[in-house]
Amino acid sequence: MAATSSPPEEDLLCPQCSGIYCLPVLLKCGHNICRVCLQKFWEWKGCRECPVCGTASVPGRPPINLALKIAADQYQAQRASGNREVCVLHNEKLKIFCQNDEEPICLVCQTSKRHKVHECCPVEEAAPQKKAEISTMLESLRKKLRLLNKTKEQWEETKHYIKTQAYQSESEIKEEFKKLHLFLWEEEKSRLKVLKQEEEIKNQVMCEKLETIEDQIKTLSSTISDIESALGQRDLAFLQDYKQTKKRAKDNVREPECIRDILINSAKHLGLLKFGIWKKMVSIVKYVPITLDPNTAQSNLKFSEELTCVQYSNKQLLPDNPERCTSRVCVLGAIGFMSGKHSWTVDVGQGKDWYIGVAQESIKRKSTVFLNPSEGFWVIGLCNGDTFWAQTSPRTKLTLRQKPTRITIKLDYDKGKVVFISAADLTPIHTFNDRFSERIFPFFSPGLYNEEKNSSPLTICPLTVTVDVQ
């Protein structure tokens, strides 16, 4: 009954947005427009006129058409709560699906003005197509959900690893400072000991000098007292003792000694104290031109405390961050180069399998690649302990007179050259000539386990540290 008394759907459509009225307002010309639609139209047009007929509107806010609003609200309510298989406008079964409006309609709706030119098909035909479409979209959503869950899990692992990293770094920093504190404490103890020894020696000297001068004072005081007594005797008695008194009155006492260099040598102990300690610290300080970046390392690699040595070891649980190389057992240097000349020496030890050189920043870190320039690598390596190769394309076998244990890598970014030299006799091993267009990083790949023994480590050799004054 309610459905039949409702106005036709065409009468409930806003002429501006073609949707069911929302707060319809009545204009002077008699046309109804959604209030929001009217406001937008006026702002766009720049004047107050009817969007349908162009009639100028009276000043002020147009009144809401309450009856039309109630009818539109009832229509929406009936549409939401009514029999979902029956058209709320015509009380007919919904047998047709409108492809344009993407909603089921009845046969009467299909012939109406709103749907007359729309593409329509039977519900039985449209349902499988739309279900397949939604199923595809659902699978896409499921993939995204799986990805989000996996990412959440990885991020939680990363968060935990950050805490572990911070703890390990804190422990290593404290350990290094403990060594520095111990060095300074021992240096302080040694210098104070030298100062104390000097103080004791010079105090002993002064004690001996004071004893000597006290004896002289005592003797001289006694002589003066005896002479004063002789001077007080009668003339005959004085003259009788004259020779003896004269002999005692002769000045046989030596002048007090001038003691030199008896004070504490403050200049020796305090002068350039910090500089002296700093210079001595050179013996415990090492400097290497390259530091390894553990955040780029494959999970089987372990490092020395100061990140200058790497070797193959047991697998660790590490986050799969974007920088990490997972396709190869390798690690990159912590600093890349975009210009200039750079060199570093690597101690390859007695390893039987290794690769060293440089790699560009954009190398594929998660998928299998070949170690050649076309993939962004300029490296050489040792295979099976006896054959050296330059990883060109195809790779080049290298003939060496003796097996090097230390190899110097010289990078000239601007000239596009990577030179490998035997550090022992400065014999050139191989040279790559190319053109670099992005940041270049040092590359290290130690061998794997060999008969359940740790691989030989790759170690970046320290440079000689000196303290010069200019």
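Please read these numbers as outputs of a predicted model, since none were measured by experiment.
Checked against side-chain hydrogen bond (donor to acceptor under 3.5 Å, both in side chains), Thr392 has the following partners two or more places apart in sequence or in another chain: Thr396. Taking the ring pair (Phe, Tyr, Trp, His ring centres under 6.0 Å) definition, one finds that His430 meets it with Phe432, sequence neighbours left out. In this structure Thr427 satisfies the side-chain hydrogen bond (donor to acceptor under 3.5 Å, both in side chains) test together with Asp425, sequence neighbours excluded. Take Pro51 and apply the side-chain contact (heavy atoms from CB on, under 4.5 Å) test, not counting sequence neighbours, and it matches Gln16, Leu27, Ile33, Leu38, Phe41. Every residue two or more places apart in sequence or in another chain that forms a side-chain contact (heavy atoms from CB on, under 4.5 Å) with Lys415 is listed here: Asp412, Lys417. By the ring pair (Phe, Tyr, Trp, His ring centres under 6.0 Å) test, Phe303 pairs with no residue at all, sequence neighbours left out. Under the rule for a side-chain contact (heavy atoms from CB on, under 4.5 Å), the partners of Asn384 that lie at least two apart in sequence or sit in another chain are Asp353, Asp386. The side-chain contact (heavy atoms from CB on, under 4.5 Å) search around Ile429 returns Ile380, Leu398, Leu400, Pro404, Ile407, Phe420, Ser422, not counting sequence neighbours. In this structure, Lys268 has no salt bridge (Lys or Arg N to Asp or Glu O under 4.0 Å) partners at least two apart in sequence or on a different chain.
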For a quick test of your reading: what N or O donor-acceptor pairs under 3.5 Å do the side chains of residues 277-291 make, sequence neighbours left out?
unit_1: Lys280; atom_1: NZ; unit_2: Glu187; atom_2: OE1; d: 3.0
unit_1: Ser283; atom_1: OG; unit_2: Lys280; atom_2: O; d: 2.8

Distance-only donor-acceptor hits, side chain of residues 354-366, under 3.5 Å, sequence neighbours excluded:
unit_1: Gln360; atom_1: NE2; unit_2: Ser362; atom_2: OG; d: 3.3
unit_1: Ser362; atom_1: OG; unit_2: Glu438; atom_2: OE1; d: 3.0
unit_1: Ser362; atom_1: OG; unit_2: Glu438; atom_2: OE2; d: 2.8
unit_1: Arg365; atom_1: NH1; unit_2: Glu323; atom_2: O; d: 2.7
unit_1: Arg365; atom_1: NH2; unit_2: Glu361; atom_2: O; d: 3.0
unit_1: Lys366; atom_1: NZ; unit_2: Asp320; atom_2: OD1; d: 2.5
unit_1: Lys366; atom_1: NZ; unit_2: Asn321; atom_2: O; d: 2.8
unit_1: Lys366; atom_1: NZ; unit_2: Arg324; atom_2: O; d: 2.8

Practice task
Begin with the C-alpha distance, continue with both residues' side-chain angles, and end with the deciding distance and a verdict on side-chain contact (heavy atoms from CB on, under 4.5 Å) for Thr387 and Leu382.
Solution key: CA-CA 6 Å; Thr387 309; Leu382 175 65; 5.6 Å; no
Exercise for the section: In sequence, state the C-alpha distance, the side-chain angles, and the governing distance for Val418 and Asp434, and then conclude on side-chain contact (heavy atoms from CB on, under 4.5 Å). Expected result: CA-CA 8 Å; Val418 184; Asp434 214 320; over 6 Å; no
Exercise for the section: Begin with the C-alpha distance, continue with both residues' side-chain angles, and end with the deciding distance and a verdict on side-chain contact (heavy atoms from CB on, under 4.5 Å) for His31 and Cys53. Expected result: CA-CA 8 Å; His31 290 113; Cys53 63; 3.6 Å; yes
Practice task
Step by step, work out the side-chain contact (heavy atoms from CB on, under 4.5 Å) result for Arg395 and Cys383.
Solution key: CA-CA 12 Å; Arg395 63 180 184 169; Cys383 297; 4.0 Å; yes
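Under a cut-off of 6.0 angstrom, the local environment of CZ in Phe275 is crowded, with over 12 non-hydrogen atoms contributed by other residues, nucleotides or ligands. Few gaps surround NZ on Lys179; more than 12 heavy atoms of other groups in view lie less than 6.0 Å from it.
Among residue pairs with one or both ends in residues 315-342, those qualifying as ring pair (Phe, Tyr, Trp, His ring centres under 6.0 Å) are Phe337-His342; sequence neighbours excluded.
Within the model, atoms NZ of Lys150 and CG of Leu147 stand 8.0 Å from one another, a figure rounded to the nearest 0.5 Å.
Between the side chain of Arg48 and the backbone N or O of Gly60 there is at least one donor-acceptor pair closer than 3.5 Å. Distance alone, capped at 3.5 Å, is enough to place a donor-acceptor pair between the Gln298 side chain and the Asn300 backbone. Side chain of Ser445 to backbone of Val329: a donor-acceptor contact under 3.5 angstrom is found. With hydrogens and angles disregarded, a donor-acceptor distance shorter than 3.5 Å links the side chain of Ser327 to the backbone of Ser367. With hydrogens and angles ignored, the 3.5 Å screen pairs no side-chain donor or acceptor of Ser140 with any backbone N or O of Thr136. With Trp344 contributing its side chain and Thr408 its backbone, the two residues share no donor-acceptor pair below 3.5 Å. Formation of a donor-acceptor pair under 3.5 Å by the Asn372 side chain with backbone atoms of Glu375 is found in this model. For the pair Asp414 (side chain) and Ser339 (backbone), a donor-acceptor distance under 3.5 Å is absent. A donor-acceptor contact shorter than 3.5 Å links the side chain of Thr296 to the backbone of Leu332. Looking only at distances, a side-chain donor or acceptor of Tyr21 sits under 3.5 Å from a matching main-chain atom of Asn32.
Residues Lys410 and Ser343 share a closest heavy-atom pair of CG-CB, 3.9 Å.
The pair Glu133-Lys130 meets the salt-bridge criterion, since a charged nitrogen lies less than 4.0 angstrom from a carboxylate oxygen. A salt bridge links Glu156 with Lys152: the closest approach of a Lys/Arg side-chain nitrogen to an acidic carboxylate oxygen falls below 4.0 angstrom. Glu139 and Arg146 are joined by a salt bridge, as a carboxylate oxygen and a charged side-chain nitrogen come within less than 4.0 angstrom of each other.
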